[in-house]
Protein chains: 4
Amino acid sequence: MNQKRPKYMQIIDAAVEVIAENGYHQSQVSKIAKQAGVADGTIYLYFKNKEDILISLFKEKMGQFIERMEEEVKEKTTAKEKLALVIKQHFTLLGNDRHLAIVTQLELRQSNIKLRLKINDILKGYLNMLDTILTEGIKSGEWKDNLDVRLARQMIFGTIDETVTTWVMNDQKYDLPDLSDKVLELLVSGIHQN
Amino acid sequence: MNQKRPKYMQIIDAAVEVIAENGYHQSQVSKIAKQAGVADGTIYLYFKNKEDILISLFKEKMGQFIERMEEEVKEKTTAKEKLALVIKQHFTLLGNDRHLAIVTQLELRQSNIKLRLKINDILKGYLNMLDTILTEGIKSGEWKDNLDVRLARQMIFGTIDETVTTWVMNDQKYDLPDLSDKVLELLVSGIHQN
Amino acid sequence: MNQKRPKYMQIIDAAVEVIAENGYHQSQVSKIAKQAGVADGTIYLYFKNKEDILISLFKEKMGQFIERMEEEVKEKTTAKEKLALVIKQHFTLLGNDRHLAIVTQLELRQSNIKLRLKINDILKGYLNMLDTILTEGIKSGEWKDNLDVRLARQMIFGTIDETVTTWVMNDQKYDLPDLSDKVLELLVSGIHQN
Amino acid sequence: MNQKRPKYMQIIDAAVEVIAENGYHQSQVSKIAKQAGVADGTIYLYFKNKEDILISLFKEKMGQFIERMEEEVKEKTTAKEKLALVIKQHFTLLGNDRHLAIVTQLELRQSNIKLRLKINDILKGYLNMLDTILTEGIKSGEWKDNLDVRLARQMIFGTIDETVTTWVMNDQKYDLPDLSDKVLELLVSGIHQN
DNA sequence: AATGAATGAGGCTTCATTCAT
DNA sequence: AATGAATGAAGCCTCATTCAT
């Protein structure tokens, strides 16, 4: 589909760039069209409306990322290895694409609730994957057997998300993937001595 | 001051209610004024502009909360007790005020970057408090001595924040303060067996 | 009246100063009240509304000036002497009071048509005086006997007014009363050789 | 350009009409758009903001007039003939377009100082032309050789302007171009006998 | 499939005026 | 006579979307 309709991805990539550079509220459709090298009206041949651009953007960028990761996770055996992979990949994806990181961590969150609920739907796959890893780890005896999976998943996702956001807000001064091991260790062992 | 200028808090409370019920982008100044029972122009006797209402809202509600908590934290002795208090209080404040929770977790995040940076400034006090608790716990031997304080703080804040947001997005179906102990335990001991 | 109600002139003088320094559209009633050292509401004990301040301002400042000049003109004998006096006095009044000059030449003209018609009413006395001087000069043989009094008056007033306005717009760099003789000569003899 | 962008002149002409009929402060953008038969937003495809409409209005109407007159003046030989042409044309332009006369003499003067300074810039061409005519007349011996050019120009412009304004304020009861000869004679010979 | 000129709804803020004290 | 907190009407401009070409 993308090859047959090359302008589709062209517009999405333009949107990421424009939003990252101008901010969500300064990213008018006309600006995205200009950056994509198409007319304003052309946008509406590929997307229903502006919101659809943003949802599609998230779906394309994160959806593909999640699918790919689900594949790779299968190749790991222990739950800890799987969790390590998720963290590493998450940090690597955004650590290598500053524009995408700015858009997902800061700009896209300025959208209205309706859009954010749709974004959450896309994230469901990610969260389900975390749940699976957690459930497997409990079964295998790696994790506590009385672990509250939902809370644990919120801790994992909340920690990853907050770590990326802080990194973005600090102007990406340090290397994000470098933090993977320490974050994994924190999530697995907590902060206490021993 | 608030007693001498009753309309100040009156407007802020109205803003919380209006934003929680109508959403950030559907909360016109005129709507807030009507809810507060004052004329539109009266708003501008107490606030510089619309953005100032939102910053003041966050400052009053969260700022006071943070100050109060800093006092209470001093009365606890161990770092774990202090962390337990913070989590409990945080969940209790927002768990008891659904409107405020909606506003802080969902609506206020739709504001522009400039406003969010000002909100972050107010949150600094909270984050500093967490850092202090972490540093003390390291000194006292409660926490790992090689703990990365910044990452640990991001885990704690990210977990608390994500837990509240999930609770809000699930229409507050369950009791938030009830989760305090489990969340504390997760943060302290991690997810692994033993 | 002015001595019994000292705040009346106090407010008018404040208005001149505020308008000269801030411009017509930046001269809010509250600013004038503050400059006059009275409360906003007090203004309305002395003036019907904001427009009334401006009309009164012009009436007091120009009205008195016109009356005084009408007296002084009587003491002169020839029409040319009378015209010379008018020009000299006009230039001197405004040349010595830069604030008043700014207000009458620039700021007050930004008022709406209704106000300007009222200002024109006050100027009637001035224009009538010019008409009288012109009529007398024709009778005495000083001026052309086929002189169109209305046109001649428009030339005289237009020239004086334009001269003052240009002086104000040039930041009052040169001395205005110094120009009196040359302006008189131009009006009397025109620009042609001989 | 005007033929290729017909809406540009359409909007300017609408602005003249609306301002002449409703007054400067009652001429909302929406009213001008309605009169021009376009949507409000269309205004902003052709003008930066409301002020820009007014500046453009003056530039188009007076600017073109000045340019045309500069051409025609060249065809006259004596300074007096040139001055006669200027007066005649000025009176004819505004005498034939009552709406434009109302706008330039009354309404546009209510604009703020910033706008009026821009209008003055456009008038510079006109004033320079007067200066040139005066300088040439001095050289040719038509005018006094000790003539103060600046003052003479202020007399000429002030007289023309005041004559038009009086005509407008008197509801254009008499014929303006008819006054040209008498005004010329006054400016050239002054008011005195012989 | 592509264009881009045209549309028109919608809200923050100012400030002259009032009136209870 | 004096205060000053409160009122509330009113308009410029942006930008997502459409549609004739």
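Within every chain, numbering begins at 1; the chains are lettered A, B, ... in the order of the sequence lines, protein sequences first and strands thereafter.
The shortest distance between the side-chain N/O atoms of B:K7 and the OP1/OP2 oxygens of F:dA6 is below 4.0 Å. Residue D:Y44 places no side-chain N or O under 4.0 Å from the OP1 or OP2 atom of E:dT7. Look at B:T42 and you won't find any side-chain N or O under 4.0 angstrom from OP1 or OP2 of F:dA6. Within the 4.0 Å cut-off from OP1 or OP2 of E:dC15, not a single side-chain nitrogen or oxygen of C:S30 is found.
Remark: P of E:dG4 and NZ of A:K34 are 12 Å apart, rounded to the nearest angstrom. Between A:I32 atom CD1 and F:dT17 atom P there is a gap of 11 Å when expressed in whole angstrom units. In this structure, B:Q10 places its CD atom 16 Å from P of F:dA5, rounding to the nearest Å. Between the OH atom of D:Y46 and the C1' atom of E:dT7 there is a distance of 12 Å, given to the nearest Å. Per the geometry, CD1 belonging to C:I11 stands 12 Å off P belonging to F:dA1, to the nearest Å. Remark: P of E:dG10 and NZ of B:K31 are 11 Å apart, rounded to the nearest angstrom. Spacing between atom CG of D:N49 and atom C1' of F:dC12 amounts to 9 Å, rounded to whole angstrom units. Spacing between atom CG of C:D40 and atom P of F:dA5 amounts to 9 Å, rounded to whole angstrom units.
Nucleotide E:dA16 has F:dT7 as its partner under the Watson-Crick or G-U criteria, with both atom distances under 3.5 Å. The partner of E:dG11 is F:dC12, by the rule that a Watson-Crick or G-U pair needs both atom distances under 3.5 Å. Remark: F:dA1 base-pairs with no nucleotide; criterion is Watson-Crick or G-U wobble with both hydrogen-bond distances under 3.5 Å.
Residues D:A39 and A:A39 both approach DNA chain E. Their nearest nucleotides, taken by heavy-atom distance, put A:A39 toward the 5′ side. For the pair A:V29 and B:L45, both in contact range of DNA chain F, the more 5′-proximal nearest nucleotide belongs to B:L45. Of the two residues contacting DNA chain F, namely D:H25 and A:G41, the nearest-nucleotide position lying further toward the 5' end is that of D:H25.
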Next item on the list: Start with the C-alpha distance between D:D13 and D:K7, add both sets of side-chain angles, then the distance that settles salt bridge (Lys or Arg N to Asp or Glu O under 4.0 Å), and finish with yes or no.
Entry: CA-CA 10 Å; D:D13 288 335; D:K7 298 208 168 153; over 6 Å; no
Note to self: Please evaluate residues A:N112 and B:Q26 with respect to the criterion side chain to side chain donor-acceptor pair (under 3.5 Å), reporting the C-alpha separation (whole Å), side-chain torsions for both, the decisive distance (0.1 Å), and the verdict.
What the structure shows: CA-CA 10 Å; A:N112 60 44; B:Q26 276 308 305; over 6 Å; no
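Of all nucleotides listed (F:dT3, E:dC15, F:dT17), E:dC15 comes nearest to the side chain of C:Q28.
Shown here is B:K31, whose NZ atom has more than 12 heavy atoms of other residues, nucleotides or ligands within 6.0 Å. Taking a 6.0 Å sphere around NZ of D:K59, one finds it holds 12 or fewer heavy atoms contributed by other residues, nucleotides or ligands.
For the pair C:K118 and C:D121, the salt-bridge criterion is not met [side-chain N within less than 4.0 Å of a carboxylate O].
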